[in-house]
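Each ligand, and each atom within it, is numbered from 1 in the order the structure gives.
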Amino acid sequence: MSKVFVSGKLVDKEQATVSVYDHGFLYGDGVFEGIRVYGGKVFLLTEHLDRLYESARAIRLEIPMTKADLAAATNSTVAANGLSDGYVRLVVSRGAGTLGLDPRKTANPQIIIIADTITMYPPETYQQGLKLITASTIRNHPQALSARIKSLNYLNNIMAKIEGTDAGCVEALMLNHKGEVAECTGDNLFIVSRGVLKTPPVDAGILEGITRNAVIRLAREAKIPVAETTLLRHDIYVAEECFLTGTAAEVVPVTSLDGRPIGDGKPGPVTRDLLERFRRLTRS
Ligand code: PXG
């Protein structure tokens, strides 16, 4: 039986509940992280905790636990579930309150830690690559809600995801309010253009992905030139290679956008090299 950390203790999955008055449920008022577990170890836990506390600060939610205590609780939840390879979902919600937006009328932010397995793309996807379409739903305007906040309010991404699945794609490209490339619904995007690895900068209105940052580090170590630079859809259409990064997807090749093949329509050498380096990093 899976154990979930809720209200400061580990309980059976069936007993792990929060109030229907919780503003996380009523308004999407809360923040979360999705983290991988490789070989029993929580991957890049410090980076994920830093982002969680930043997201919380950005929405003016004080997490009633220190980072060190939350790290320890995360590790013990993983251990209690005997997980070797899996996935951790950390959720901090505003807590139960009255019916009304006012966060001052809530009490007890809830800290929830779920440690479970994750369904990944089938192995073929990593060999053959996946197809993308551009969603007509643009990413949230950064002045409406910063994409840097990993909030419980994912409807913007879900609407774009539905457009993708309607078109037979497992991911969809999202542009920002300026028409520039932002990211996919749950993954960051990279291209290889004239030998340079390029990805949109954080100020394109994207989530600063932890896998994105790890891949940038791996590329620099491999002496591959990297640029965080504004990208247009045109740049993807004419790129040599394209791939996505994310906690769930890891590094996954993209072979077409809007029905147009990218490069020769197969995962390229830089993509395969970085995918291999990422596997070595996580499986070592
Ligand atoms: N952009 C968005 C909008 C995301 O939600 C990423 C990029 C990649 O970030 P990381 O830090 O993971 O490299 C994400 C991450 C899920 C799930 O359960 C979603 C994400 C991560 C893990 C699980 O759908 N999104």
Side-chain angles (χ1 to χ4, degrees), residues 24 28 30-38 42-55 58 74 83 85-92 112-121 130 132 134-135 137-142 144-165 169-177 180-190 199-219 228 231 242-252 254 274-275 277-279 281-282:
V31 294
F32 79 103
E33 279 296 320
I35 321 176
R36 280 271 191 160
V37 178
Y38 295 110
V42 185
F43 183 60
L44 299 177
L45 179 57
T46 307
E47 284 82 348
H48 282 282
L49 287 175
D50 286 348
R51 189 170 67 185
L52 182 76
Y53 280 77
E54 271 184 29
S55 291
T74 303
L83 269 189
D85 289 297
Y87 176 75
V88 174
R89 170 65 57 97
L90 292 181
V91 183
V92 184
I112 294 147
I113 312 171
I114 305 169
D116 209 328
T117 51
I118 181 168
T119 37
M120 295 177 287
Y121 293 133
L130 53 79
L132 288 183
T134 309
T137 306
I138 64 162
R139 199 71 177 85
N140 281 330
H141 193 296
L145 180 68
S146 171
R148 299 181 69 174
I149 301 168
K150 207 164 161 59
S151 86
L152 292 182
N153 214 305
Y154 252 58
L155 271 177
N156 178 223
N157 312 58
I158 290 166
M159 292 300 104
K161 177 100 182 172
I162 290 170
E163 290 186 55
T165 47
C169 297
V170 291
E171 252 297 11
L173 175 68
M174 299 184 78
L175 306 177
N176 67 15
H177 62 289
E180 301 158 352
V181 171
E183 59 184 335
C184 289
T185 68
D187 296 296
N188 292 112
L189 180 135
F190 286 80
T199 195
V202 171
D203 63 18
I206 61 167
L207 183 76
E208 185 175 0
I210 284 161
T211 320
R212 169 191 185 273
N213 291 350
V215 165
I216 291 173
R217 285 197 296 274
L218 288 173
E228 293 180 52
L231 296 178
C242 180
F243 64 86
L244 308 182
T245 63
T247 293
E250 302 183 302
V251 176
V252 65
V254 174
L274 288 168
L275 200 159
R277 284 172 192 276
F278 188 77
R279 291 215 165 129
L281 174 70
T282 54

With Y53, which residues qualify under side-chain hydrogen bond (donor to acceptor under 3.5 Å, both in side chains), at least two apart? none
Within the 3.5 Å criterion, strictly below it, is a donor on E163 or T137 matched to an acceptor on the partner's side chain? yes
Put together the list of close N/O pairs, under 3.5 Å, between ligand 1 and the protein, could you?
residue, atom, partner, partner atom, Å
ligand 1, 1 (N), E183, OE1, 2.6
ligand 1, 5 (O), K150, NZ, 3.3
ligand 1, 5 (O), Y154, OH, 2.5
ligand 1, 11 (O), R51, NH1, 2.9
ligand 1, 11 (O), R51, NH2, 3.0
ligand 1, 11 (O), I210, N, 2.8
ligand 1, 12 (O), T247, N, 2.9
ligand 1, 12 (O), T247, OG1, 2.5
ligand 1, 13 (O), I210, N, 3.3
ligand 1, 13 (O), T211, N, 2.9
ligand 1, 13 (O), T211, OG1, 2.6
ligand 1, 18 (O), Y87, OH, 3.2
ligand 1, 18 (O), R89, NH2, 2.8
ligand 1, 25 (N), K150, NZ, 3.1
ligand 1, 25 (N), G186, O, 3.4

Please enumerate all residues that pass side-chain hydrogen bond (donor to acceptor under 3.5 Å, both in side chains) together with R36, with sequence neighbours excluded. none
In terms of heavy-atom contacts, does CZ of R148 have more than 12 from other residues, nucleotides or ligands at under 6.0 Å? no
Aromatic contact, F278 with F243 (centres under 6.0 Å): no
Using the test ring pair (Phe, Tyr, Trp, His ring centres under 6.0 Å), find all partners of Y38 that sit at least two apart in sequence or belong to another chain. F43
